[in-house]
There are 2 protein chains.
Amino acid sequence: MNDDKSDTLPGLPTLADVAERANVSTATVSRCLNSPDRVVEATRERVLKAVQELGYSPNFGARALAARRTGTVGAIIPTMENAIFARAMQAFQEELRDNGLTLLVASSAYRPQVEDEQIHALVARGADALLLIGHDRSEALYQFLERRGVPVLAAWVHDADNPRPSIGFDNRKAMRMLAEEVIRAGHRDLAMISADINGNDRARERVAGLREAMAARGLDAEALPLIQTRYSIEHGRQAFAKLMRRVPRPTAVICGNDVLAVGALQMAREMGLHVPGDVSITGFDDIEIATLVEPPLTTVHVPHRAMGRQAAQMLIEALRSGVPVAESVELQTDLRLRGTLGPPPA
Amino acid sequence: MNDDKSDTLPGLPTLADVAERANVSTATVSRCLNSPDRVVEATRERVLKAVQELGYSPNFGARALAARRTGTVGAIIPTMENAIFARAMQAFQEELRDNGLTLLVASSAYRPQVEDEQIHALVARGADALLLIGHDRSEALYQFLERRGVPVLAAWVHDADNPRPSIGFDNRKAMRMLAEEVIRAGHRDLAMISADINGNDRARERVAGLREAMAARGLDAEALPLIQTRYSIEHGRQAFAKLMRRVPRPTAVICGNDVLAVGALQMAREMGLHVPGDVSITGFDDIEIATLVEPPLTTVHVPHRAMGRQAAQMLIEALRSGVPVAESVELQTDLRLRGTLGPPPA
DNA sequence: TGCAATTTTGTAAGCGCTTACATTATTCTC
DNA sequence: GAGAATAATGTAAGCGCTTACAAAATTGCA
């Protein structure tokens with residue numbers, strides 16, 4: 001409560017206080033903190049002792065202002081409530097932290113306009129680099145970021161045709177491989193529950209992957225019953241119920257993610273449909289819940305943790321070198337064939 | 001790429017640029033941005049137009065330095081990977097955002113020392129207020145925060161005996177009520193799987209609640225088999241298996257949270273034990289998974305969203321008034337009696 | 001219309017730090 | 001051991017914004 005020698009009101013020690021106490025200039029104190037090896041040991045010890053005694057901790061604003069960077073990396077994810085993002089962010093944050101950087105997360109609720117705002121907000125708050133999900137956003141936004149010199153990386157996608165850097169996987173290919181498995185099991189009447197494909201390239205690619213697989217096997221991809229809905233268990237339930245009223249009834253329902261699939265599975269049970277005897281269901285992501293439901297969910301495993309970690313490494317490198325992220329990295333997904341996929345009813 | 005009239009290297013417009021263009025002083029521009037009603041309309045329009053045309057956006061560091069606050073609220077949670085925290089943080093963030101504040105989250109992995117570091121880090125980064133989970137931390141830490149003038153609020157707890165402000169529920173009472181239900185069902189051989197109770201007052205209180213209920217019904221609370229382990233499905237599995245090897249075998253396993261309970265449930269199935277015929281299992285939190293497993297989990301419902309929202313409101317009020325949070329708010333939990341609780345085997 | 005009260009705008013002094021450049025101390029080299 | 005090369009430290013100029021205070025403009029009222 002009581003400062004020994006307060007001249008500034010809040011009474012917090014400043015660099016100058018430390019300098020005075022350690023009998024050096026403020027420049028030396030600053031160097032001790034930022035590049036300790038540029039200061040001789042004896043001096044450094046003296047300074048650090050003063051820091052300790054005063055309980056000094058640098059003022060963030062001042063540092064950001066003078067150094068023209070904040071040591072903050074921003075990430076905008078669709079929602080914190082899906083375990084896939086939580087997991088990736090956890091890894092992302094750990095890696096950043098190990099490198100002295102701080103993560104600032106915001107969520108967009110899958111709404112492009114909110115994402116736009118959040119990007120501006122994070123940049124205004126001094127994010128030195130940005131992690132975004134997917135590639136789908138306006139050219140103007142990318143120009144804004146480029147003008148600002150903020151390195152950007154897109155996660156969750158890998159598309160050889162897109163020149164912008166990304167860390168992720170080929171959504172289309174992953175879904176195609178899953179779909180091939182479904183078709184191989186004998187299914188001809190497929191249906192899909194997807195997220196809204198506007199402004200969501202991951203969802204769009206997954207739908208495309210399914211259609212590709214269908215076309216390749218001579219099925220009518222254009223006729224695919226497709227419901228676009230929000231990612232939630234409840235929406236998955238409703239969409240599934242709706243699909244089951246179609247004639248002919250689909251024998252396999254491909255879901256855009258595990259959350260939808262779990263909803264579908266639940267509704268199937270409620271409707272008295274046996275899975276996979278009456279209808280097969282697949283997901284995407286391989287979240288924890290996938291192995292907990294009964295029967296366990298056939299899905300695509302995505303290396304979320306690795307994606308988060310590597311995303312951090314790529315942005316750190318960009319920050320360190322001062323060069324925007326140039327390369328894209330493709331991660332592999334793999335199929336997890338579990339209990340919800342079986343042959344169609346005879 | 002090309003700035004019309006660059007004098008500073010990065011070429012970003014500053015307050016001064018806007019002022020010049022709008023033909024006013026920098027003070028006026030600043031006022032337009034921060035308290036628009038203190039500027040006459042004609043001027044304001046002129047200024048905002050200039051802001052628009054220049055694509056101006058304020059420098060965060062400079063603003064923080066001059067205003068001595070950052071508009072940032074920090075939160076340190078044990079982990080982002082548990083849905084309960086994700087959900088609460090989502091609500092917390094939304095409420096903050098609606099009030100022009102930004103959330104900075106960090107996670108401590110349930111380790112007090114990491115939490116300590118993170119608190120310092122967030123404060124150093126200019127967090128104007130802090131949300132923490134539980135009350136369990138050193139006096140020194142609280143002193144540090146008080147000295148810094150940072151309002152603090154503890155979530156997830158409500159303890160009438162603790163003078164520090166909190167928003168949450170009475171963990172002990174909630175668990176006691178659940179335990180009473182278990183005992184009422186006829187169980188006498190109880191066992192518990194908990195998180196480590198060191199540095200985790202929520203876990204400690206839940207254990208205490210169970211013991212209270214036992215004592216009240218004449219059971220030997222001291223003899224309660226208690227396994228302390230990390231919150232994860234896998235750890236829940238292992239702990240459950242261990243408990244089932246005891247003689248006499250517990251007929252009801254009370255878990256400190258739903259994640260542990262789901263692990264226990266899974267292991268029960270693997271061991272060929274019928275739930276609740278052979279053994280009853282209960283959780284705590286009522287996360288989404290609780291209703292998805294088979295049978296659905298008996299647990300305690302916690303209003304995570306409301307907690308997050310109200311936490312934000314309380315801190316916002318503290319920030320606005322300049323007075324630390326004084327009151328504590330108690331939220332109600334309620335029992336969700338579902339399929340995993342039944343009478344003990346005959 | 002004239003003067004005081006009120007509103008709007010301007011002036012300028014920092015906020016606490018980093019860093020280019022200047023200065024001083026130390027180490028090498030022959 | 002003198003002079004050059006190198007390392008350590010100091011000096012001081014901002015970084016871009018907010019805000020107390022001063023000045024100017026506007027309004028109200030007799």
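In what follows, every chain begins at residue 1, and chains take the letters A, B, ... in the order their sequences are listed.
- Pairs of residues two or more places apart, or lying in two chains, that qualify as ring-ring contact (aromatic ring centres under 6.0 Å, His included) and include a residue from residues 107-133 of chain A are A:Tyr110-A:Tyr231, A:His120-A:Phe144.
- Within the 4.5 Å cutoff, no side-chain heavy atoms of B:Arg125 are placed close to those of B:Thr70.
- Applying the salt bridge (Lys or Arg N to Asp or Glu O under 4.0 Å) test to residues at least two apart or on different chains, none of the pairs has a partner in residues 307-317 of chain B.
- Sequence order on DNA chain C of the closest nucleotides to A:Ala27 and A:Gly61 puts A:Gly61 first from the 5' end.
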For nucleotides 4-6 of chain C, print each protein N/O atom paired with a nucleotide N/O atom at under 3.5 Å, atom names and distance only.
none

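- Between the CG atom of B:Leu12 and the P atom of D:dC15 there is a distance of 13 Å, given to the nearest Å.
- Applying the ring-ring contact (aromatic ring centres under 6.0 Å, His included) test to every pair with at least one member in residues 69-93 of chain A, sequence neighbours left out, gives these pairs: A:Phe85-A:Trp156.
- Within the 4.0 angstrom heavy-atom criterion, only backbone atoms of the sugar-phosphate kind lie near B:Tyr56; the bases stay farther away.
- Applying the salt bridge (Lys or Arg N to Asp or Glu O under 4.0 Å) rule to pairs touching residues 90-110 of chain B yields A:Glu117-B:Arg97, sequence neighbours excluded.
- Every residue was checked against the side-chain hydrogen bond (donor to acceptor under 3.5 Å, both in side chains) condition with A:Arg69, not counting sequence neighbours, and none meets it.
- Take B:Arg44 and apply the salt bridge (charged side-chain N to carboxylate O under 4.0 Å, His left out) test, not counting sequence neighbours, and it matches no residue.
- In the set D:dG14, C:dG10, D:dC17, D:dC17 carries the atom at the smallest distance from any side-chain atom of B:Thr14.
- Residues from residues 28-53 of chain B placing a heavy atom under 4.0 Å of any atom in DNA chain C, listed by number, are B:Thr28, B:Arg31, B:Val39, B:Val40, B:Thr43.
- Not counting sequence neighbours, the partners of A:Glu81 by the side-chain contact (heavy atoms from CB on, under 4.5 Å) test are A:Thr79, B:Arg87, B:Gln90, B:Arg305.
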